[in-house]
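For reference, the structure discussed in these notes is given below.
Keep in mind it's a predicted model, so treat the numbers as computed, not measured. Positions are given from 1 along the sequence.
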Amino acid sequence: AVVVPAWNEAGKIGEVVRKVPRRFAATVIVVDDCSGDDTAGEARAAGAEVVIRHEINQGVGAGIRTGLLEAKRRGIEFAAILSGDDQHEPDQLPRILVPLFAGEADLVQGSRWLPGGATPGIPPTRRWLTQIYPRLFQLASGFPITDGTNGMRAFRLALLDDPRIQLSQSWLDRYELEPYLLFQAIRSRYRIREAPVTVRYHGRGTTKMRLFQDGWRILRPLVFLRFGLRH
């Protein structure tokens, strides 16, 4: 399954759904996080098999969680995550899925900074922030990684059965969930790989992240987990 969290992505979400290569992903699950536009309708029209709408805006982490749990409920073995704003290239899904299918990894993290990755249109501020974060992640986890904030990743859904990985916690509703999942998978000694991917920046409106408030949200899992303040 490909899980796509989306909030007010009309004009983009249809392209994301249409570009998913169906020979690798039979099910596309779009989670509309209480959009004020026709994100849900556009996703259905583009061919998404499952469209779930949150009646209250909860955050990107909650959207991902809803999609992953739906995939698991359907008996799907692997899930990939793509951004709903058309930043990622769905035709690159084989890069993160093939190592899973081959039994070589349990989680594959997409990296824009590995050779073969790309960042067309990246603003200077976003460039240095996304290069600093992996260093902080390694400092906290001890695991060398080149890209800790890229939302394109794939993993075996069996990881969600591990009691050490508790995605249901409410503090993971926004940007915390993705670094939490990666950190706990590393800590639990699952096999982690990185694969080069493209992250495309479309200019103004590319991201809904707020520098300071949401910057803290992606940092705090490192602090909380490193010092045992959360689990």
Side-chain angles (χ1 to χ4, degrees), residues 1-33 35 37-54 60-61 63-68 70-71 74 76-102 105 107-123 126 130 147 149-157 177-178 181 193-209:
V2 170
V3 172
V4 187
W7 178 48
N8 293 333
E9 298 296 358
K12 296 180 179 178
I13 189 64
E15 280 300 300
V16 175
V17 173
R18 280 188 289 270
K19 289 191 291 187
V20 172
R22 293 315 184 95
R23 67 189 182 280
F24 288 99
T27 304
V28 175
I29 301 173
V30 174
V31 182
D32 175 8
D33 194 27
S35 296
D37 60 15
D38 193 31
T39 292
E42 186 176 315
R44 289 190 190 95
E49 282 75 17
V50 183
V51 178
I52 301 170
R53 178 176 166 83
H54 287 168
V60 63
I64 291 170
R65 180 170 61 229
T66 294
L68 293 177
E70 177 63 19
R74 289 169 173 262
I76 293 169
E77 185 176 357
F78 303 103
I81 301 169
L82 292 178
S83 171
D85 60 5
D86 201 25
Q87 273 197 307
H88 298 129
E89 301 291 340
D91 63 359
Q92 294 180 351
L93 278 169
R95 299 184 184 186
I96 60 172
L97 288 172
V98 168
L100 296 178
F101 296 165
L107 185 153
V108 183
Q109 171 70 37
S111 173
R112 70 200 100 183
W113 301 120
L114 283 177
T119 55
I122 188 171
R126 181 57 66 88
T130 54
D147 195 344
T149 57
N150 188 353
M152 187 173 181
R153 59 174 59 84
F155 60 97
R156 292 191 306 112
L157 282 167
L177 184 140
E178 294 171 276
L181 173 61
R193 290 266 298 270
E194 286 190 285
V197 299
T198 297
V199 180
R200 191 174 301 278
Y201 296 82
H202 301 287
R204 190 183 180 104
T206 290
T207 180
K208 296 181 175 69
M209 287 188 69

Could you work out, with side-chain contact (heavy atoms from CB on, under 4.5 Å) as the rule, every residue matching [X], not counting sequence neighbours?
{"X": "A71", "value": "A1, I29, I76, L157"}
{"X": "D38", "value": "none"}
{"X": "Q92", "value": "E89, R95, M152, V197, T198"}
{"X": "P115", "value": "none"}

Please name all residues satisfying side-chain hydrogen bond (donor to acceptor under 3.5 Å, both in side chains) with [X], sequence neighbours left out, ordered by chain then number.
{"X": "D91", "value": "none"}
{"X": "T130", "value": "none"}
{"X": "D33", "value": "H54, N57"}
{"X": "R156", "value": "D106"}

Distance (rounded to the nearest 0.5 Å) between [X] [atom1] and [Y] [atom2]:
{"X": "I96", "Y": "S111", "atom1": "CD1", "atom2": "OG", "value": "12.0 Å"}
{"X": "T66", "Y": "R53", "atom1": "OG1", "atom2": "CZ", "value": "13.0 Å"}
{"X": "L82", "Y": "Q87", "atom1": "CG", "atom2": "CD", "value": "11.0 Å"}
{"X": "E194", "Y": "L107", "atom1": "CD", "atom2": "CG", "value": "10.0 Å"}

Which pair of non-hydrogen atoms, one from [X] and one from [Y], has the smallest distance, and what is that distance?
{"X": "V17", "Y": "A46", "result": "CG1-O, 3.7 Å"}
{"X": "L97", "Y": "A80", "result": "CD2-CB, 4.2 Å"}
{"X": "P120", "Y": "R200", "result": "CG-NH1, 3.6 Å"}
{"X": "V30", "Y": "A6", "result": "CG1-CB, 4.4 Å"}
{"X": "A40", "Y": "D32", "result": "CB-OD2, 3.4 Å"}
{"X": "P5", "Y": "G63", "result": "CB-C, 4.3 Å"}

Q) Please walk me through it: do V4 and I13 pass side chain to side chain contact (heavy atoms under 4.5 Å, CB included)? A) CA-CA 9 Å; V4 187; I13 189 64; 3.6 Å; yes
Q: Begin from the C-alpha positions of V20 and L93 and carry the test side chain to side chain contact (heavy atoms under 4.5 Å, CB included) through to its verdict.
A: CA-CA 8 Å; V20 172; L93 278 169; 4.1 Å; yes
Does any non-hydrogen side-chain atom of [Y] lie less than 4.5 Å from one of [X]?
{"X": "D85", "Y": "H202", "result": "no"}
{"X": "L68", "Y": "F155", "result": "yes"}
{"X": "T27", "Y": "V50", "result": "yes"}

Q. Does a donor on one side chain and an acceptor on the other come within less than 3.5 Å for H88 and N150?
A. yes
Q | No-hydrogen, no-angle side-chain donor-acceptor test under 3.5 Å, R112 and T149 | A | yes
Has [X] got a side-chain atom pairing as donor or acceptor with [Y]'s backbone, closer than 3.5 angstrom?
{"X": "R193", "Y": "L100", "result": "no"}
{"X": "S35", "Y": "D37", "result": "no"}
{"X": "T39", "Y": "E9", "result": "yes"}

Q) Mind checking what makes salt bridge (charged side-chain N to carboxylate O under 4.0 Å, His left out) contact with E178, not counting sequence neighbours? A)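 With sequence neighbours excluded, E178 shows a salt bridge (charged side-chain N to carboxylate O under 4.0 Å, His left out) to R153, given in chain and number order.
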(Q) The criterion is salt bridge (charged side-chain N to carboxylate O under 4.0 Å, His left out); which residues satisfy it with R22, sequence neighbours excluded? (A)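 With sequence neighbours excluded, R22 shows a salt bridge (charged side-chain N to carboxylate O under 4.0 Å, His left out) to E49, given in chain and number order.
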Q: Using ring-ring contact (aromatic ring centres under 6.0 Å, His included) as the criterion, list what pairs up with F78, not counting sequence neighbours.
A: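 Once residues adjacent in sequence are excluded, the partners of F78 under the ring-ring contact (aromatic ring centres under 6.0 Å, His included) criterion are F101.
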Q | Pairing of R18 and E15 as salt bridge, 4.0 angstrom limit | A | yes
